[in-house]
Protein chains: 2
Amino acid sequence: MVKAPRCGPYICGIDAALDVVSGKWKGLILWELDAHRVRRFAELRRGLPGVSEKMLTQHLREMEQDGLVHRKVYAEVPPRVEYSLTEHGRTLNQALEPLGAWGVERIRREGSEVVDTAKASR
Amino acid sequence: MVKAPRCGPYICGIDAALDVVSGKWKGLILWELDAHRVRRFAELRRGLPGVSEKMLTQHLREMEQDGLVHRKVYAEVPPRVEYSLTEHGRTLNQALEPLGAWGVERIRREGSEVVDTAKASR
DNA sequence: TGCGGTACTTACCTTTTTGTAAGTGAGGAG
DNA sequence: CTCCTCACTTACAAAAAGGTAAGTACCGCA
């Protein structure tokens, strides 16, 4: 049975937005693609500490379905696939900025552990 | 074994923020409390279509631990408990506003189903 | 010949999250 | 006397999400 794309029904906008970002690595994928504009599969993999290949493909496929990510395949050997953000992906990222700032504040408040300090500033 | 509170380690701010909002009803609870300032348990229950008592208590307890929600118990019979947002809860809500707006746009774009039109405008 | 890199897919298992249904104990309405 | 309300708690079941390990097919390097 094919997994239905994230399509509600929703109770409010937050609902609809959280539906596309919830997923262990989606926020990070969004961010990596925003920072580098274009990334290959293996580059993303190296950029997300601890992600498995399965989850990365799964998330990328869902984000593609949701119109956040663009996937370009080059007919080469060895294979080459480039991922980048679509316009919707970029605006989502902008909408996430205040939330990210709130999260940074929360980390500071709670003294939570952080994996990668370079990234935690956002 | 006691469930650890949401405390990372986090990779970035988005991570830390999503950690406290992810949960099927948390966004809605935040919103209900923001709109009404103070709500009793049964009022929240009626405000969230389809929530079970168990999930509502669970989410409220977690949000209390996370410092988003304040819980005031009156020593009366029948029991009376009032929930309201803390300062952190209010700032989180503000940080979620752009995301909500993005979600509303997405709903419009996709023509997704909506449960309650009065709420979907936010 | 054997290994590493490319970008996946598949099967299987574990963990986490959510749902269902029932029980609690006192008070008030009919 | 029975049912409803309040604000929960508990046990159990189902569903969803995530993790592990292996396989694919072809290339280049040594």
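To find a chain, count down the sequence lines: A is the first, B the second, and so on, and within it residues start at 1. Given the structure is predicted, the values throughout are model-derived calculations rather than measurements.
- Separating the CG atom of B/Leu18 from the P atom of C/dT17 is a distance of 14 Å, rounded to the nearest angstrom.
- Salt-bridge annotation for B/Lys26 and B/Glu62: present, with a side-chain N of the basic residue lying under 4.0 Å from a carboxylate O of the acidic one.
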Quiz item: Does the pair A/Glu64 and A/Leu60 meet the rule for a side chain to side chain contact (heavy atoms under 4.5 Å, CB included), with working shown?
Solution: CA-CA 6 Å; A/Glu64 201 190 343; A/Leu60 285 169; over 6 Å; no
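- Protein atom CD of A/Glu76 is 12 Å distant from nucleotide atom P of D/dG28, rounded to whole Å.
- Distances shown here put a side-chain N or O of B/Trp25 below 4.0 Å from the OP1 or OP2 atom of C/dG19.
- Just one of B/Leu28, B/Ile107, B/Val104 meets the side chain to side chain contact (heavy atoms under 4.5 Å, CB included) condition when paired with A/Asp15; it is B/Leu28.
- Judged by a 6.0 Å distance limit and a 45° cone about the ring axis, A/Arg109 is positioned over the six-membered ring of A/Trp102.
- Between the C1' atom of D/dA15 and the NZ atom of B/Lys54 lies a distance of 12 Å, rounded to the nearest Å.
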Exercise. Please step through side chain to side chain contact (heavy atoms under 4.5 Å, CB included) for the pair A/Lys72 and A/Val81, ending with a clear verdict.
Key: CA-CA 6 Å; A/Lys72 186 169 186 185; A/Val81 181; over 6 Å; no
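- Set against C/dG27, D/dG18, C/dT18, the side chain of B/Met55 has C/dT18 as its closest nucleotide.
- The nearest whole Å value for the distance from the CG atom in B/Leu56 to the P atom in D/dC6 is 13 Å.
- Mapped onto DNA chain D by nearest heavy atom, A/Ser52 and B/Leu60 fall at different nucleotides, with B/Leu60 at the one closer to the 5' end.
- Summarising the geometry, the separation between CD on A/Glu62 and P on C/dT9 is reported as 13 Å, rounded to the nearest angstrom.
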Quiz item: B/Leu85 and B/Leu92: side chain to side chain contact (heavy atoms under 4.5 Å, CB included), yes or no, with the steps?
Solution: CA-CA 10 Å; B/Leu85 289 186; B/Leu92 174 56; over 6 Å; no
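- In this structure B/Arg39 satisfies the salt bridge (Lys or Arg N to Asp or Glu O under 4.0 Å) test together with B/Glu32, B/Glu43, sequence neighbours excluded.
- Residue B/His59 has no polar side-chain atom (N or O) positioned under 4.0 Å from OP1 or OP2 of C/dT17.
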Identify each atom pair where a protein N or O and an N or O of nucleotides 2-7 of chain C are less than 3.5 Å apart, giving names and distance.
residue	atom	partner	partner atom	Å
C/dT6	O3'	A/Arg40	NH2	2.9
C/dT6	O3'	A/Pro79	O	3.2
C/dA7	OP1	A/Arg40	NE	2.9
C/dA7	OP1	A/Arg40	NH2	3.1
C/dA7	OP2	A/Ala42	N	3.1

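- Distance, B/Gln58 CD to D/dT10 C1': 12 Å, rounded to whole Å.
- When the side-chain nitrogen and oxygen atoms of A/Lys24 are compared with OP1 and OP2 of C/dT16, none of them lie within a distance under 4.0 Å.
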